[in-house]
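Working notes, beginning with the structure itself.
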Amino acid sequence: LACCPGRVQHGTLNQRCTAAAHRGACGREPGSMNRHYLEKVFEPRSVAVVHGLGATGAGRRLLANLQRDGFSGEIHLVDPALTEVGGIPCVASLADIPQAPDLALIAAEPATIPDLMRDCGESGVLAVVVVSGGFAETGEHGLALQEEVVDIARAYAIHLVGPNCLGVLRPSARVNASIVPSPVRDGQVALVTQSGAFACALLDWADSNGFGFSAVASLGSTADVRLGDVLDYLATDARTRSILLNVENIPDARTFLSGLRVAARLKPVIVIKSGRNEAGQLAARRSWGPRAGEDNVFDAAIRRAGAVRVTVVSQLFVAARMLAAGTRVEGSRLAVVTNGGGPGVMAADWASDVGVSLAELSADTVAQLRAVLPPHWSPSNPVDILGDASPQRYQRVIAALRADDQVDGVLALLTPQTATDASACAEAVIAAAQGFGKPVLASWMGERLVAEARQLFADAQVPHFISPEGGVDAFGYLATYRRNQRALLQAPEPLGEQCDPDSYGARTIIEQVMAERRTALNNAES
């Protein structure tokens, strides 16, 4: 049993895990490196699409996405009402498939799903995604149905994603086990969300902006596989460098915070949560029940876990660009370069509003800038390099600022004035940003006259934004992440003699693991 990942089991607890049984259940030789218990959810080698395969059904969309993205494994179709779809034969039940698929995608009517889950369990399917709605979001009857489905999943040691979700994607493995309408490119940022509508909007934006993802998980009701489980998986995923997390409600705070701490310790996690105020919490209770807690408690917990919180979707897009570029900072002091006084003042105002410090330039840096700028230059930060700024001026000024020990990052601003070559100046900024060191961000304001320059930034993976405020926000997220990481490493004082350990909580975790017939704890449980 110890050689098997997650909830894989062979017979009763006192049986030996034989080589034949191990290969039959998880497809690997005994002694091979343990994999995460959600591996079959994100990287299945075979998939069954179960029901909903009519011309307008969700199962047909699941099949189309798998085929469009080039899934290389076996695809099985289960629908007793059909004999074939697109040349692929349909079988009446999962029992008719000779070898259990790694993942079953269920798009059936809600009332039929308990029986289909039992079929999955009897057939040896260990991972299931239910995209069908009609469960907890519909009221007491739907909640009871959802609890029945979860009980069946746990009885058969099935990892259940959903219900009422879009599914999961793993672009690098060509797995699109979802009903997402937009194509999804490969990237290094993972998206985890409870809201399918939010996921659709963000993925459409990403497709239009050439933005890719290492993994996408739309968890819907999070009835079994929850946010903390997926964070636990992504924490050690080599393809994921950072994580975007959309939270609606947290049914299991212990698992969520444990998974979040593990993930945020290893890579940046940006969190956006619905229900921040009284009106939002009222709307949340109408949508998914009375589970929204106090927002200030959530905010403090996110900071203490080492993650960064944003409050509006536009900020999440800004954070996504920063994470995709792999940009990091060591401090919170920003230098601003601009070819116009107005945008520089706007950046300074916003920096003050959001708590970003403007760097105090060293005397040596001021001397270097004085040598390359016109005599009427004003030695201050923001650094106004004037409306006739040439590409060479941008490059030299940014190089000097990056070399200043009192500067942690540089934001370059440009407005397309008469004497300005926006594209040539962008190339100069890109050249100045090369090599390891402090990050350089750009905000080329305007539209038509700076479109080519923005594409140059995108191709060079230099984070760029349409407004000074966007650039300041982006740097602020990096500084906040660094600050929260230091908070994450802070240890509490030793427990006094009168403080009892949480024996009940520990025993509850152990009993749950034993009830699921597992012999290993995941990161969150540990």
Side-chain angles (χ1 to χ4, degrees), residues 38-39 41-44 61-62 64-73 129 161 165-193 195-219 230-231 233-246 263 266-272 308 310 313-328 430 433 439 441-442 451 454-466 470 474 477-478 481:
L38 293 183
E39 179 190 24
V41 172
F42 286 94
E43 297 196 34
R61 167 58 66 180
L62 288 166
N65 280 354
L66 284 167
Q67 293 176 322
R68 182 194 65 195
D69 286 16
F71 179 65
S72 60
V129 174
V161 176
C165 70
L166 296 181
V168 298
L169 298 96
R170 184 69 155 166
S172 62
R174 298 187 179 278
V175 174
N176 187 342
S178 78
I179 53 174
V180 170
S182 302
V184 178
R185 306 166 192 250
D186 190 17
Q188 297 178 319
V189 179
L191 171 64
V192 184
T193 174
S195 169
F198 177 85
C200 286
L202 185 60
L203 294 176
D204 182 52
W205 170 86
D207 180 48
S208 301
N209 287 271
F211 190 92
F213 293 91
S214 60
V216 176
S218 166
L219 302 181
V230 179
L231 289 170
Y233 172 80
L234 294 172
T236 54
D237 175 36
R239 294 187 177 277
T240 298
R241 293 177 58 179
S242 47
I243 302 168
L244 298 177
L245 178 62
N246 168 232
L266 298 174
K267 53 197 67 172
V269 180
I270 307 293
V271 182
I272 185 169
V308 178
V310 299
V313 175
S314 60
Q315 294 174 335
L316 192 71
F317 292 161
V318 169
R321 287 192 184 276
M322 294 299 294
L323 297 181
T327 310
R328 304 292 183 268
I430 292 167
L441 297 73
R454 287 179 181 162
Q455 188 59 51
L456 291 172
F457 285 131
D459 293 342
Q461 293 190 323
V462 171
H464 61 287
F465 310 93
I466 63 174
Y477 301 145
L478 297 177
Y481 171 69

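Predicted model only: the values in this text are computed from it and were never measured.
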Least distance between heavy atoms, [X] atom then [Y] atom:
X      : Y      : value
Ala190 : Leu234 : CB-CD1, 3.7 Å
Gly470 : Phe465 : C-CG, 4.0 Å
Ala442 : Phe457 : CB-CZ, 3.5 Å
Ile243 : Ala263 : CD1-CB, 4.0 Å
Thr193 : Ala199 : CG2-CB, 3.6 Å
Thr236 : Lys267 : N-NZ, 4.3 Å

Neighbour count >12 (heavy atoms, 6.0 Å) for atom CD, Gln67: yes
Check residues 171-182 and write down every donor-acceptor pair under 3.5 Å in which the side-chain atom is one partner and the other belongs to a residue at least two apart or another chain.
| from | atom 1 | to | atom 2 | distance (Å) |
| --- | --- | --- | --- | --- |
| Ser172 | OG | Arg239 | NE | 3.3 |
| Asn176 | OD1 | Ser178 | N | 3.4 |
| Asn176 | OD1 | Ser178 | OG | 2.5 |
| Asn176 | ND2 | Asp69 | OD2 | 3.0 |
| Ser178 | OG | Val180 | N | 3.2 |

Point-to-point distance, once rounded to the nearest 0.5 Å, from [atom1] of [X] to [atom2] of [Y]:
X      : Y      : atom1 : atom2 : value
Leu166 : Phe198 : CG    : CZ    : 12.0 Å
Arg170 : Asp237 : CZ    : CG    : 4.0 Å
Leu316 : Leu244 : CG    : CG    : 5.0 Å
Gln455 : His464 : CD    : NE2   : 7.5 Å
Leu266 : Arg241 : CG    : CZ    : 14.0 Å

Intermediate values then yes/no, side-chain contact (heavy atoms from CB on, under 4.5 Å), Leu203 and Leu191: CA-CA 9 Å; Leu203 294 176; Leu191 171 64; 4.1 Å; yes
Contacts of Ser195 that satisfy side-chain hydrogen bond (donor to acceptor under 3.5 Å, both in side chains) - sequence neighbours left out: none
Main-chain N/O of Phe213 paired with Arg185 side-chain donor or acceptor, under 3.5 Å: no
Worked check of side-chain contact (heavy atoms from CB on, under 4.5 Å) between Tyr233 and Val41: CA-CA 11 Å; Tyr233 172 80; Val41 172; over 6 Å; no
Which residues share a side-chain contact (heavy atoms from CB on, under 4.5 Å) with Pro268, sequence neighbours left out: Ser242, Leu323, Arg328, Tyr481
